[in-house]
Enquirer: 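Please read through the structure below; I'll follow up with questions.
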Amino acid sequence: MQCVSTRGGSTATLTEAMTRGLAPDGGLYVVDPLPRTANFPPTGTLHQRSVDLLRPFFYGEALGGQLDPIVKAAFDFDAPTRWLDDRTGLLELFHGPTAAFKDFGARFLAECLTRISSRAMTVLVATSGDTGAAVASAFHRRDGVKVVVLYPDGRVSQRQAHTLGSFGENVTAYKVRGTFDDCQRMVKAAFASIALRNLGLTSANSISLGRLLPQVCYYAHASLAAQAALKQPVNFIVPTGNLGNGFACLLARKLGLPIGEVVLATNANRVLPDYLTSGDYRPRESIATLANAMDVGAPSNLERLRHLFTEPAHEVRSQWVDDEAIKRTIGSVYQSEGVALCPHTACGYEVLNRLRAAGDTRRWIVVATAHPAKFEEVVEPVIGRKLEVPAPLQALLDRPSEALPLEPEPGALVAALSRGPGAPRS
Ligand SMILES: *Cc1c(COP(=O)(O)O)cnc(C)c1O
């Protein structure tokens with residue numbers, strides 16, 4: 001498929017776009033024009049629907065013939081919709097190895113990149129918590145691959161921090177004395193550094209098309225299943241930070257999947273709702289909230305949204321939720337439904353509560369982006385009991401954990417990488 005940059009000219013095949021990450025002109029790759037998608041049979045598994053959805057995107061690509069084994073290896077867990085009543089569903093995206101939806105994109109990208117290239121590569125990723133673990137897990141113990149993860153020290157949950165440092169071997173975790181935005185700036189500087197050219201640096205951040213496309217798959221699966229059962233399109237509320245997951249939902253609808261309205265729920269980092277109501281885009285420094293994986297002050301995928309739609313405000317709405325409401329929602333949903341939500345999912349559920357309060361009786365699926373046990377410091381005091389930890393996450397928590405400190409300066413990362421990731425500082 002032809003991919004173009006959101007900033008204009010540069011074109012690439014899908015395979016090239018996946019290896020490059022960012023386009024040479026600094027833009028994000030989008031598939032343009034979009035392919036015609038299949039007529040989906042009414043029944044199907046996540047695997048079948050994913051292959052059907054992605055096949056036209058991989059038409060004529062080197063990886064085209066391997067799509068089936070790629071999807072099989074990447075999605076070796078399910079994405080079930082749990083219906084709380086006949087008009088309220090939770091799309092559970094936390095059944096992968098690191099208990100957050102990032103596993104879908106990271107594992108798919110890892111399967112693709114390791115098949116595209118046999119050369120040594122260093123995967124470099126800045127994370128606000130969940131991305132780093134998903135990417136590290138997806139590339140852990142792969143021959144010829146090193147993974148370097150940067151996260152803001154003290155700004156991720158204890159279990160997120162433990163998980164990030166638990167892999168070892170080909171994975172190095174750096175805890176940066178700064179914010180997520182600092183981590184991203186450092187990663188950008190490393191990519192720009194001539195001194196690091198021979199490392200084969202590869203990005204695995206959410207800007208990669210190789211992470212975005214697999215996220216469309218679970219919207220195809222969930223919406224087709226709901227359509228078969230309800231005979232009408234279903235609506236989605238997506239907890240949103242960098243707008244990767246929310247964009248994937250809008251792309252699924254644009255591709256013709258049976259999706260009605262899409263509402264994006266942010267935390268107190270309210271750049272997106274402000275932009276969609278005022279038309280004025282004002283990126284700002286991110287502020288720390290209880291839903292830390294959504295602490296983004298300049299959502300990068302907004303460029304893709306503006307590329308896909310001339311009038312984004314006509315296509316999607318957004319509302320923001322403060323920490324107080326996050327806690328209240330975790331408590332009230334636990335009381336009424338017996339279901340514990342992670343703080344990100346709670347943002348989505350609070351937006352649903354507001355819609356219901358305003359008289360909306362339609363069928364909505366709230367996207368559950370992480371398992372609540374990953375954020376037990378927030379969730380357990382509110383619901384007043386211990387949460388069970390999913391087995392794959394527990395296995396990581398049982399391992400020892402180590403992260404190396406790093407100053408929030410671009411030079412510090414470039415120096416560390418030139419010594420070789422994980423090498424002791426001399
Ligand atoms: C990354 C993440 C989000 C935000 O997703 P975006 O694609 O950045 O909008 C929401 N919830 C959880 C648990 C996450 O890890």
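One-based numbering, in listed order, for ligands and for the atoms of each. Note: hydrogens, waters and symmetry copies are ignored here, and every other heavy atom, side chains too, is used. Just so you know, these numbers come straight off a predicted model, no measurement behind them. Numbering of residues begins at 1 and proceeds along the displayed sequence.
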Enquirer: In this structure, which one of L251, L243, T6 forms a side-chain contact (heavy atoms from CB on, under 4.5 Å) with L305?
Expert: L243
Enquirer: Among all residues two or more places apart in sequence or in another chain, which pass the ring-ring contact (aromatic ring centres under 6.0 Å, His included) test with Y349?
Expert: none
Enquirer: When you check the side-chain N and O atoms of T98 and D103, is any donor under 3.5 Å from an acceptor?
Expert: yes
Enquirer: For a distance cut-off of 3.5 Å, show me each N or O of ligand 1 paired with any protein N or O, plus the separation.
Expert:
| from | atom 1 | to | atom 2 | distance (Å) |
| --- | --- | --- | --- | --- |
| ligand 1 | 7 (O) | G244 | N | 3.1 |
| ligand 1 | 7 (O) | N245 | N | 2.9 |
| ligand 1 | 8 (O) | N242 | N | 2.8 |
| ligand 1 | 9 (O) | G241 | N | 2.7 |
| ligand 1 | 9 (O) | N242 | N | 3.2 |
| ligand 1 | 9 (O) | L243 | N | 2.9 |
| ligand 1 | 11 (N) | T369 | OG1 | 2.8 |
| ligand 1 | 15 (O) | K102 | NZ | 2.6 |
| ligand 1 | 15 (O) | D130 | OD2 | 2.6 |

Enquirer: Under 6.0 Å between ring centres, would you say that holds for F77 and H95?
Expert: no
Enquirer: Who passes ring-ring contact (aromatic ring centres under 6.0 Å, His included) against F75, sequence neighbours left out?
Expert: F104
Enquirer: Can you name the residues that form a ring-ring contact (aromatic ring centres under 6.0 Å, His included) with Y29, not counting sequence neighbours?
Expert: none
